[in-house]
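On a predicted model such as this, the values are computed, not experimentally measured, just so you know. In this chain, numbering begins with 1 at the start of the sequence shown. When a ligand or atom number is given, it counts from 1 through the structure's own listing order.
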Amino acid sequence: MKILVVGSGAREHALVHSLAADPQVDGLFAAPGNPGMASSATLCPLADPTDPVAVTALAREVGADLVVIGPEAPLVAGVANAVRESGIACFGPDAAAAALEGSKSFAKDVMAAAGVPTAAARVCTTVDEVAEALDVLGSPYVVKDDGLAAGKGVVVTDNRMTAMAHAAQCLNRPEEATGRMPTVVVEEYLDGPEVSLFCVTDGTSVVPLAPAQDFKRALDGDEGPNTGGMGAYSPLDWAPTDLVAEVVTRIAEPTVAHMRDRGTPFVGILYVGLALTSRGLRVVEFNARFGDPETQVVLARLRTPLGGLLYAAATGTLAAHPPLRWSTDHAVTVVVAAQGYPEGPRKGDPIDGVDQVNEPAYVLHAGTAQSGEQLVSSGGRVLSVVGVGPDLGAARQVAYAAVDVISVRGSHHRRDIALAAEQGQVWVPLPVRD
Ligand code: AMP
Ligand code: GLY
């Protein structure tokens, strides 16, 4: 099977890493990819991964049997539609289904229709509506930009002025390319730890992967601004044992069924971002693709060949796929971010030491580029360093030892990824069902 992976981040590098280990895969291409993938995939230039015509032409040119789309932007732009229309199997939803991620207000409508538990919310298009919503839903205030914002469009604060300022900034933007009116979603605050669960679906069947936890804030102790994610670990020993089954039956299956019923079947990863609150499970967000950096730790533990699984989802044959097999190991990833990330990441800083990292640690590239002989940074999240071990403590040690031999000028990373879980300090509120 020949597979083309679209994207260039650490999530796509993790996908390439796993696909390269699948004996069924005899041709692997990444577009545009990154220097870290070059040893396991053929890198193909692609000026614009959101261009449906260009991606389809490339898929034909390399003879792809399957196209796997990593990031959300090509999905929202309709790349999966075009690839499927050309007769090539595609892992990733059509644009209409990817709106589950592309529009938070659409996602809220789908959750309501499918009976999925989520935070109470109000969709607002004026600052007056926002002011009223903040008063009704109360503090801490949660204000979300409606469109795609790479995890950075959300402000959670107990300062009403900060909440209003963020809303005003989102609403005052010129109308987006889609022609939509600028919109924000104001939400009820959800307490309790967050969990990410990726559900593979062919539009009918749902196969959950292992849950992971992501660290969204830039600084240790969950301080600082929201980012795309600064680290992750899996599995979650502290999570309730019935968590995955509950997410599948109460959230993923009703959502997938609803999407099919409305004529926009969802094929790919339904990323369920959850809060385990004192009132039970609540969906924080849906995404339409693998999460970054959670993918790095989930795939580090998946023993089932990935190519066959994604192909089964893309061709509507997931029900016949054998049960997934998992390593009993734990995995931790630490993101090394550029100076200035997330506000204004600097590019072009030299990266050294990557070659000195050895198994059971490995380095997935995110924002890297080759400048002559020198590897340099080219994005906000530069590297995602993965450590694997028999328990969380060992996996953390392996990951951080590898981080410490790498240098990226001016970079920063969190030192406390998975620390609370290692120390048994993740607090799960006792569910009080409403
Ligand atoms: P989102 O883009 O919707 O995933 O939001 C990004 C992050 O903001 C989440 O991972 C949470 O950490 C936080 N967040 C979003 N919505 C809420 C909420 N209703 N209550 C508390 N925190 C939230
Ligand atoms: N790690 C968060 C995301 O992928 O959206």
Does Arg122 form a salt bridge (charged side-chain N to carboxylate O under 4.0 Å, His left out) with Glu129? I'd like the steps, not just the answer. CA-CA 9 Å; Arg122 290 205 172 184; Glu129 285 171 4; over 6 Å; no
In terms of side-chain heavy atoms, does Asp146 have a donor or acceptor partner in Ser105 at a distance below 3.5 Å? yes
More than 12 heavy atoms from other groups under 6.0 Å of OH on Tyr311: no
State the atoms of ligand 1, each with its element, that fall below the 4.0 Å cut-off from a heavy-atom position in Val142. 16 (N), 17 (C), 18 (C), 19 (N), 20 (N)
Under 3.5 Å donor-acceptor, Asp242 side chain and Ala245 backbone: no
Decide whether Thr118 and Lys108 meet the rule of one side-chain donor and one side-chain acceptor closer than 3.5 Å. yes
Output the list of atoms in ligand 1 that are nearer than 4.0 Å to some heavy atom of Glu285, sorted by atom number. 1 (P), 2 (O), 3 (O), 4 (O)
Atoms of ligand 1 close to Glu187 [distance to a heavy atom under 4.0 angstrom, numbered from 1]: 16 (N), 18 (C), 19 (N)
Got more than 12 heavy atoms from elsewhere within 6.0 Å of CD, Gln169? no
Could you list which atoms of ligand 2 come closer than 4.0 Å to a heavy atom of Gly291? 4 (O)
Where Tyr189 and Val142 come nearest, the two heavy atoms and their spacing: CA-CG2, 3.9 Å
Show the atoms of ligand 2 that are less than 4.0 angstrom away from any heavy atom in Asn287. 5 (O)
Which ligand 1 atoms are under 4.0 Å away from a heavy-atom of Lys104? 1 (P), 2 (O), 3 (O)
Would you indicate whether the side-chain heavy atoms of Leu299 and Glu294 approach each other to under 4.5 Å? no
Of Lys144, Glu194, Glu101, Lys216, which has the heavy atom at the shortest distance from atom 11 (C) of ligand 1? Glu194
Under 3.5 Å, N or O to N or O, is Glu285 touching ligand 2 that way? no
Region of Asp214 that comes within reach of ligand 1 [heavy atoms, distance under 4.0 Å]: neither
Show which atoms of ligand 2 fall inside a sub-4.0 Å distance from at least one heavy-atom site of Lys216. 2 (C)
Any Glu188 heavy atom less than 4.0 Å from ligand 1: yes
If we ignore angles and hydrogens, is there a donor and acceptor under 3.5 Å between the side chains of Thr368 and Ser378? no
Going by heavy atoms, is Gly228 under 4.0 Å from ligand 2? yes
Under 6.0 Å from the ring centre and within 45 degrees of the ring axis: does the NZ or CZ of Arg260 meet both conditions for the six-membered ring of Phe266? no
Within the 4.0 Å heavy-atom cut-off, what Arg289 brings close to ligand 2 is side chain
Report yes or no: does a heavy atom of Tyr271 sit under 4.0 Å from some atom of ligand 2? yes
For ligand 1 and Val156, I'd like to know whether there is a polar contact (N/O to N/O, distance under 3.5 Å). no
Pro293 near ligand 2 by a heavy-atom separation under 4.0 Å: yes
Would you please determine whether Arg217 falls within less than 4.0 Å of ligand 1 on a heavy-atom basis? no
Going by heavy-atom distance to atom 21 (C) of ligand 1, choose the closest among Tyr141, Tyr271, Tyr189. Tyr189
Among Asp222, Leu219, Leu419, Val334, exactly one meets side chain to side chain contact (heavy atoms under 4.5 Å, CB included) together with Arg414. Which residue is that? Asp222
